[in-house]
A.B. asks: 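Sending over a structure as structure tokens; questions will come in a sec.
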Amino acid sequence: MKNILVTGGAGFIGTNFVYYWLNKYPQDRIVVLDALTYAGNRGNLSAAEKNPKFKFVHGNILDQPLVESLLTDHKIDTLVHFAAESHVDRSIHGPDEFINTNIVGTHTLLKAAKKIWLDENPRPHRFHHISTDEVYGSLKSDDPPFTENTPYAPNSPYAASKAASDHLVRAYHETYGLQTTISNCSNNYGPYQFPEKLIPLVIINILNKKPLPVYGDGKQIRDWLHVDDHNLGVDLILNKGKIGATYNIGGNNEWTNIDIVKTICNLIHERYPNGTSAHGNHPQTLITHVKDRLGHDRRYAINAEMISSALGYSPTESFETGIRKTIEWFLDNEDWWRRIMDGSYRSWIAVNYD
Ligand code: NAD
Ligand code: TYD
């Protein structure tokens, strides 16, 4: 039985992780620590909050005394660290929060974990750090995908802050013997993804008959993985991963942005052939090429051979099934995204884009 502290559990991947874990391991206890930034939504966890094995704590990972008390009071043996500022565009407009949360926040968690798990009363434990393929930088079209040995070359402030946090986690293992693992995953999609990211943004803009902003030529490539398959990889690492190791998680599923956008347009058109979206026209008519992102990475791709061969990892969702389910989720949960669109997201867009 595990007692797990999940940081950032009210965000996109953290929420999906909580439901994945409570469903698969009903005997385990989960405490979520989340600061409820613009990206966090306690309502995501309303079904989990009915479960006596689950507890939500509103607080910041920068609050070391709070983290220490959670580790002690809830007899936490496993920490899964999702909390982060996660949007590249925001990191370009305002990097400071990314340095605070992603670097200083991760270091605060490491200090708390070292104190409680190693210094005060040594006990078995695991610190799992969730990271991204963006730490490896950008690939050329004929480069082989990133492996765990690809040198770090982060290009955005977001990627640089995640790279720094990965190095700190590694250092706490090498220097103090903290029992750590790290996963670097490719782009996720699925339920509860905040509608500033490409896939939910496109779905929602089609439904709202708004332009679909494609940065530059739209030929940039991302390697998309359904969020449940990310969490499956984290599950395998927590249960079978080697202490001190880093694992890449990916689905071997490279797409250009423009093809992703067109695919979503086609699937929604198939769903509403009489055109309840996009003013009765095919949604592709909403595609609008806009100014490119600064320092835009051209291509990401993950080689997931290590987690596949060492831990038996294999994604369960094809892109075809995963993207259809995701579109259905957004169609079924209009209240969820309308509330978000009416709130802080719009004010940030207004400041930075209007
Ligand atoms: P998200 O932005 O949807 O959620 C982040 C969560 O962290 C929110 O609930 C927010 O309230 C919380 N948070 C932020 N700052 C905090 C702080 N100081 N203290 C406590 N809580 C705080 O992010 P996501 O997409 O779910 O990403 C989760 C993790 O996975 C991140 O570490 C990200 O770098 C990583 N990752 C994401 C992707 C992806 O495609 N989304 C891919 C690979 C890795
Ligand atoms: P995003 O979902 O922000 O993830 P990341 O930057 O972490 O890869 O963006 C995915 C890709 O889609 C990226 O190449 C940027 C591009 N993009 C657009 O073309 N238009 C948009 O409105 C957004 C949000 C992203």
Side-chain angles (χ1 to χ4, degrees), residues 6-17 32-42 44-45 57-63 66-67 80-92 97-98 100-102 104-106 108-109 129-135 138 155-156 158-159 161-163 165-166 183-190 192-202 205 211-227 230-231 233-234 248-250 255-258 260-261 287-293 295-300 302 349 353:
V6 177
T7 70
F12 161 48
I13 308 176
T15 293
N16 283 284
F17 178 83
V32 161
L33 172 64
D34 198 296
L36 299 179
T37 67
Y38 78 94
N41 185 346
R42 187 166 177 175
N44 291 357
L45 298 166
V57 177
H58 183 196
N60 202 303
I61 59 168
L62 288 153
D63 183 347
L66 171 64
V67 176
V80 187
H81 176 33
F82 291 97
E85 289 294 332
S86 68
H87 189 40
V88 173
D89 292 322
R90 285 180 190 258
S91 84
I92 294 167
E97 273 314 300
F98 289 72
N100 287 336
T101 289
N102 299 1
V104 184
T106 301
T108 305
L109 292 176
H129 177 59
I130 303 290
S131 192
T132 167
D133 59 359
E134 304 195 24
V135 298
S138 184
N155 290 321
S156 70
Y158 163 67
S161 68
K162 292 298 289 187
S165 66
D166 294 6
S183 49
N184 294 84
C185 190
S186 57
N187 283 63
N188 284 209
Y189 68 96
Y192 301 103
Q193 187 164 28
F194 197 82
E196 63 187 350
K197 306 283 168 64
L198 181 68
I199 287 182
L201 180 87
V202 167
N205 279 15
L212 311 179
V214 172
Y215 298 164
D217 63 5
K219 299 274 177 60
Q220 306 83 0
I221 291 172
R222 298 291 182 267
D223 190 351
W224 293 94
L225 186 72
H226 190 274
V227 63
H230 182 177
N231 287 325
V234 175
N248 282 352
I249 307 177
W255 285 73
T256 62
N257 292 338
I258 188 71
I260 285 279
V261 173
I287 291 174
T288 310
H289 287 266
V290 298
K291 196 165 155 267
D292 208 350
R293 174 185 277 174
H296 199 169
D297 285 338
R298 201 66 187 164
R299 174 177 167 236
Y300 303 143
I302 279 275
I349 289 284
Y353 285 115

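All ligand and atom numbering here is 1-based and tracks the order in the structure.
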A.B. asks: So for ligand 2, is Asn187 a polar contact partner (N or O within less than 3.5 Å, distance only)?
C.D. replies: yes
A.B. asks: Taking atom types as modelled and ignoring hydrogens, do the side chains of Gln220 and Asn257 form a donor-acceptor contact shorter than 3.5 angstrom?
C.D. replies: yes
A.B. asks: Using distance alone, determine whether Pro213 and ligand 2 share an N or O pair under 3.5 Å.
C.D. replies: yes
A.B. asks: Looking only at the side chains, is there a donor atom on one of Asn155 and Asp297 sitting less than 3.5 Å from an acceptor on the other?
C.D. replies: yes
A.B. asks: Number the atoms of ligand 1 from 1 as they appear, then name those within less than 4.0 Å of a heavy atom of Ser131, with their elements.
C.D. replies: 43 (C), 44 (C)
A.B. asks: Can you check whether Trp224 has an N/O within less than 3.5 Å of an N/O in ligand 2?
C.D. replies: no
A.B. asks: Who's closest to atom 5 (C) of ligand 1 heavy-atom-wise, of Gly8, Ala84, Gly40?
C.D. replies: Ala84
A.B. asks: Taking 4.0 angstrom as the limit and counting only heavy atoms of Val214, give me the atoms of ligand 2 inside it, by number and element.
C.D. replies: 19 (O)
A.B. asks: For ligand 2 and Leu198, I'd like to know whether there is a polar contact (N/O to N/O, distance under 3.5 Å).
C.D. replies: yes
A.B. asks: I'd like to check which ligand 1 atoms, numbered from 1 as shown, lie under 4.0 Å from a non-hydrogen atom of Asn188.
C.D. replies: 39 (C), 40 (O), 42 (C)
A.B. asks: Considering only heavy atoms, which of Trp224, Phe194, Phe98, Phe82 lies nearest to atom 28 (C) of ligand 1?
C.D. replies: Phe82
A.B. asks: In ligand 2, which numbered atoms sit nearer than 4.0 Å to a non-hydrogen atom of Leu201?
C.D. replies: 22 (O)
A.B. asks: Does Glu196 reach ligand 2 with a nitrogen or oxygen that is under 3.5 Å from one of the ligand's nitrogen or oxygen atoms?
C.D. replies: no
A.B. asks: Between Asp166 and Asn184, does any side-chain donor sit less than 3.5 Å from a side-chain acceptor?
C.D. replies: yes
A.B. asks: Taking only heavy atoms of Asn187 into account, list the atoms of ligand 1 that are under 4.0 Å away from them.
C.D. replies: 40 (O)
A.B. asks: Using distance alone, determine whether Lys197 and ligand 2 share an N or O pair under 3.5 Å.
C.D. replies: no
A.B. asks: How far is atom 27 (O) of ligand 1 from its nearest protein heavy atom, and which residue and atom is that?
C.D. replies: Ile13 CD1, 3.7 Å
A.B. asks: If hydrogens are left out, which of Tyr300, Phe12, Tyr38 has an atom nearest to atom 25 (O) of ligand 1, that is, the closest non-hydrogen atom?
C.D. replies: Phe12
A.B. asks: Taking all non-hydrogen atoms of both residues into account, name the closest pair between Tyr38 and Glu85 and its distance.
C.D. replies: CE2-OE1, 3.7 Å
A.B. asks: Heavy-atom contact under 4.0 Å between Ser186 and ligand 1?
C.D. replies: yes
A.B. asks: Check if Thr7 has a non-hydrogen atom at a distance under 4.0 Å from any atom of ligand 1.
C.D. replies: no
A.B. asks: Which atoms of ligand 1 are found less than 4.0 Å from any heavy atom of Leu36?
C.D. replies: 11 (O)
A.B. asks: When you measure from atom 13 (N) of ligand 1 to each heavy atom in Thr108, Ile249, Thr37, which option holds the nearest one?
C.D. replies: Thr37
A.B. asks: Between the side chain of Thr7 and the main-chain N/O of Ala83, is any donor-acceptor distance below 3.5 Å?
C.D. replies: yes
A.B. asks: Counting only nitrogen or oxygen atoms and a 3.5 angstrom limit, does His296 reach ligand 2?
C.D. replies: yes
A.B. asks: Salt bridge or not between Glu196 and Arg90? Use side-chain N to carboxylate O under 4.0 Å.
C.D. replies: yes
A.B. asks: List ligand 1 atoms under 4.0 Å from Ile130, heavy atoms only on the residue side.
C.D. replies: 29 (C), 30 (O), 32 (O), 35 (C)
A.B. asks: Are Lys162 and Asp133 close enough for a salt bridge, meaning some N to O gap below 4.0 Å?
C.D. replies: no
A.B. asks: Which of the atoms in ligand 1, numbered in the order shown and given with their element, are less than 4.0 Å from a heavy-atom of Gly59?
C.D. replies: 20 (C)
A.B. asks: With a 4.0 Å heavy-atom cut-off (strictly under), which part of Lys162 contacts ligand 1: side chain, backbone, both or neither?
C.D. replies: side chain
A.B. asks: Taking distance alone, with no angle check, do Asp297 and ligand 2 share an N/O pair under 3.5 Å?
C.D. replies: no
A.B. asks: Please state whether Tyr158 comes within less than 4.0 angstrom of ligand 1, counting heavy atoms only.
C.D. replies: yes
A.B. asks: For ligand 1, does Asn60 get within less than 4.0 Å through its side chain, its backbone, both, or neither, judged by non-hydrogen atoms?
C.D. replies: both
A.B. asks: N/O of Tyr215 under 3.5 Å from N/O of ligand 2, yes or no?
C.D. replies: yes
